[in-house]
Amino acid sequence: MTDHGRSLKRDGRAVDLRSDTVTKPSAAMRDAMVSAEVGDDVYGEDPTVNRLESECATLLGLEAGLFVPSGTQSNLAALLAHCGRGDEYIAGQDAHTYRFEGGGAAVFGGIQPQPLPFQDDGTLDLREIEAAIKPDDYHFAKTRLICLENTQGGKALDPAYFARVRRLADQRGMRVHLDGARLFNAVVALGRSPSDFGQYCDSVSVCLSKGLGAPAGSVLCGGSGFVKAARRWRKVLGGGMRQAGVLAAAGLHALTHHIDRLADDHRRANVLAQGLRRKGLSAQQHTNMVFVEGLDTASMVAHMQKGGVRVSGIRWVVHLDVDDDDIHHVVDVAGALA
Ligand SMILES: *Cc1c(COP(=O)(O)O)cnc(C)c1O
């Protein structure tokens, strides 16, 4: 039995599974924003930004943090702080830092990427990393940095893997950056603490604007020398904001109230994948993402849209503005695709 009519009637709103970036700040988050104490953050005088930076660094077990407008700028500031002109970073072929950031490291820093294929579990193979490190010879770029991603396509990478990458990086005099846009999804899925990952990294970037539900912002954490260098790059990149405490307050609210609840997103994504499979569709779930395979993308997107469900491709993302009824509705609509 379908109930599209009833679901669509809920203020006529579509269920939006395009990304966890589409979440809107809750009433409680907006209250926190309204009452935030603020100052000029470029002068280091915004108490709410300062609190967000230090709380986030503490969570990750790192010395300092830097509030930045976006995850893209966070990764770019990290690359510019770790690498100079003619240096190289190793990253996944489909990593955000390589594929989805407009080549920023090359554009602004003269930094060369060395992409490697992600393994099925979202890791980079250690032997492949090792083989990609260039010898110290003036024919080659200097391989300075390994960039990891967690979660990677929704897959949670275990701290034990980070320990192995750390060992390799130390042996070869390299640094490790983690693009942890969705690190808290890995934290919750694996039942670990953020510092279990942070302890093996020189720098970690986390997004507040994805599953954590803040309207904007990322925090880049690392050692105090690194963060000082990144702060300079943030200004150069035009990311120095002024009374940014109104945004930082949303981030602090998210860190306090929206981490543990990511488990609800994972549970709902699992229910969604199981429901789709019961309808005869092929669906894989990793944390808050469901990958719906084997269909013609354009007609799938159009069909779902007609049923009041927005998707942009095979990746359907569950987030804090999706509830149990929404999941049932999505399964009902998708059933006709089988
Ligand atoms: C979204 C995302 C980013 C970038 O964040 P923006 O705030 O959209 O610039 C970086 N890395 C990963 C893995 C992401 O999913």
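Below, each value reflects all heavy atoms present in this structure, side chains not excepted, and no hydrogens, waters or symmetry copies. Nothing here was measured: the structure is a model prediction, and the numbers come from that model. Atoms within a ligand are numbered from 1 in the order they appear, just like the ligands themselves.
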Can you run down the side-chain hydrogen bond (donor to acceptor under 3.5 Å, both in side chains) pairs that involve residues 213-226, sequence neighbours left out, and say none if there aren't any?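 side-chain hydrogen bond (donor to acceptor under 3.5 Å, both in side chains) check on residues 213-226 returns Glu63-Ser224.
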
Linking Ile, Leu, Val, Met, Phe, Trp and Tyr by side-chain heavy atoms under 4.5 Å, what else ends up with Val22? none

Under a strict 4.0 Å criterion on non-hydrogen atoms, which protein residues are in contact with ligand 1?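 These residues qualify: Ser70, Gly71, Thr72, Asn75, His96, Glu101, Glu149, Asp179, Ala181, Arg182, Cys207, Lys210.
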
Those residues that, when tested against Asp20, pass side chain to side chain donor-acceptor pair (under 3.5 Å) (two or more places apart): Arg182, Asn288

Straight-line distance of Ile90 CD1 to Thr97 OG1, nearest 0.5 Å: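 Output value for this atom pair is 11.5 Å.
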
Could you tell me the separation between the CD atom of Gln285 and the CD atom of Gln274, rounded to the nearest 0.5 Å? 8.5 Å

Is any side-chain heavy atom of Lys235 closer than 4.5 Å to one of Val42? yes

